[in-house]
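Order of the sequence lines fixes the chain letters, A, B, ..., with proteins taken first and strands second; residue numbering starts at 1 for each chain. Everything numeric here is computed off the predicted structure, so don't read it as measured data.
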Protein chains: 2
Amino acid sequence: MVIETPSLELDDEEIDRIFQALADATRRDIVLRTLREEVSISTLAEAYDMSFPAVHKHVAVLERAGLVTKHPSGRERIVRAAPETIRRAQHLLARYEQVWRDRIARLDALLAEDA
Amino acid sequence: MVIETPSLELDDEEIDRIFQALADATRRDIVLRTLREEVSISTLAEAYDMSFPAVHKHVAVLERAGLVTKHPSGRERIVRAAPETIRRAQHLLARYEQVWRDRIARLDALLAEDA
DNA sequence: GGTTTCTATAACCATTTGGTTATATGTTAG
DNA sequence: CTAACATATAACCAAATGGTTATAGAAACC
């Protein structure tokens with residue numbers, strides 16, 4: 001039996017799915033909306049100028065990316081944002097910024113050395 | 001004449017392009033690589049198991065997203081990361097997290113009120 | 001029980017994406 | 001000048017994306 005190691009590290013495909021999911025204005029709006037309050041898919045669908053199945057698909061993309069979760073409640077599916085995944089994406093970008101700052105620090109050190 | 005207002009706000013299409021560009025492991029690696037040091041496209045191309053034109057296209061996607069800039073140097077095109085765009089994306093996600101925290105704060109306030 | 005509502009999914013379509021090979025142009029090196 | 005190298009771009013292709021309509025199942029309402 002394989003023990004699923006609950007790695008905090010994001011693998012490449014996971015990151016692909018997260019950024020891909022965020023690369024669409026409707027989906028970003030769904031994330032914002034569900035961060036503020038839990039809503040059903042059909043309630044979400046009312047907000048956008050597209051069919052229910054289109055919104056349903058957007059929610060599925062967000063779910064596969066781990067950005068939202070769905071919870072049955074009677075005939076409805078309540079959509080909840082998953083802030084932890086957003087936080088991980090944010091931290092990934094923060095690490096990119098750190099790489100840049102490390103480079104600047106190296107350049108500064110080199111300049112100080114030469115002076 | 002239209003004065004181009006240098007808005008710090010990211011419009012939807014700009015954000016689409018940024019996240020879309022980040023949704024590919026090769027492109028994220030190019031960003032990381034160019035954050036550390038400026039490199040030519042052909043130097044980049046050596047690092048990946050794909051043709052030069054494929055890498056050239058990835059760089060073009062990153063450039064359209066404002067994540068890198070290209071600078072001619074003789075026959076080469078030096079690719080530089082644009083950390084400011086990365087920072088903006090990071091801040092956007094930080095705002096999403098803030099929306100979540102605001103909600104928690106509201107719920108906490110409600111609980112305190114009821115107590 | 002029948003109707004309505006919410007969800008799920010299939011089938012389809014146009015466009016975009018991410019790769020390829022081939023070719024042309026510009027720049028440097030000898 | 002010529003050869004080699006770096007870039008750019010066109011044409012092509014398969015797969016993925018983002019939408020549609022149609023259909024079916026499940027839960028709730030009266």
>> With a 4.0 Å limit, can you tell me whether B:Ser51 has a side-chain N or O closer than that to the phosphate oxygens OP1/OP2 of C:dT20?
In response: yes

>> Which heavy atom of A:Leu62 sits nearest to which heavy atom of A:Arg27, and what is that distance?
In response: CD1-O, 3.8 Å

>> Return whichever of B:Arg64 or B:Val55 has its heavy-atom-nearest nucleotide of DNA chain C closer to the 5' end.
In response: B:Arg64

>> Could you tell me how far apart A:Gln20 (CD) and D:dA15 (C1') are, to the nearest whole angstrom?
In response: 13 Å

> What's the shortest heavy-atom distance between A:Val68 and A:Val59, and which atoms?
Replying inline: CG2-O, 4.0 Å

> What integer distance in Å separates A:Glu13:CD from D:dA16:P?
Replying inline: 12 Å

>> One pair to check against side-chain hydrogen bond (donor to acceptor under 3.5 Å, both in side chains): A:Arg95 and A:Gln98. What are the steps and the verdict?
In response: CA-CA 5 Å; A:Arg95 284 214 301 279; A:Gln98 190 56 50; over 6 Å; no

>> Counting C-beta onward and ignoring hydrogens, is there a side-chain heavy-atom pair between B:Asp29 and B:Tyr48 closer than 4.5 Å?
In response: yes

> CG of B:Asp24 versus C1' of D:dT17: gap in Å, rounded?
Replying inline: 15 Å

>> Regarding A:Glu84 and A:Arg87, does a basic nitrogen lie under 4.0 Å from an acidic carboxylate oxygen?
In response: yes

>> If you assign each of A:Val61 and A:Gly74 to its closest nucleotide in DNA chain D, which residue comes earlier from the 5' end?
In response: A:Val61

> Are B:Ser73 and B:His71 linked by a side-chain donor-acceptor pair shorter than 3.5 Å?
Replying inline: no

> How many Å lie between NE2 on A:His58 and P on D:dT17, as a whole number?
Replying inline: 12 Å

>> Five pairs per end, C1' atoms only: what is the angle between the end axes of the helix from C:dG1-D:dC30 to C:dG30-D:dC1, to 10 degrees?
In response: 20°

>> What is the distance, to the nearest angstrom, from the CG atom on A:Leu62 to the P atom on D:dG18?
In response: 10 Å

> How many Å lie between CE on A:Met50 and P on D:dT21, as a whole number?
Replying inline: 13 Å

>> Is the shortest side-chain heavy-atom distance between B:Asp16 and A:Arg28 below 4.5 Å?
In response: yes

> When you match B:Arg27 and B:Ser73 each to their closest nucleotide on DNA chain C, which lands nearer the 5' end?
Replying inline: B:Arg27

>> Generate the contact string for nucleotides 1-12 of chain D. Rules: B means base contact, S means sugar-phosphate contact only, - means no protein heavy atom under 4.0 Å.
In response: ---BBSBBB---

>> Can you confirm whether A:Leu35 sits close enough to A:Ile86 that some side-chain heavy atom of one is under 4.5 Å from a side-chain heavy atom of the other?
In response: yes

>> Are A:Leu93 and B:Leu22 packed together at the side-chain level, in the sense that at least one heavy-atom pair is separated by less than 4.5 angstrom?
In response: yes

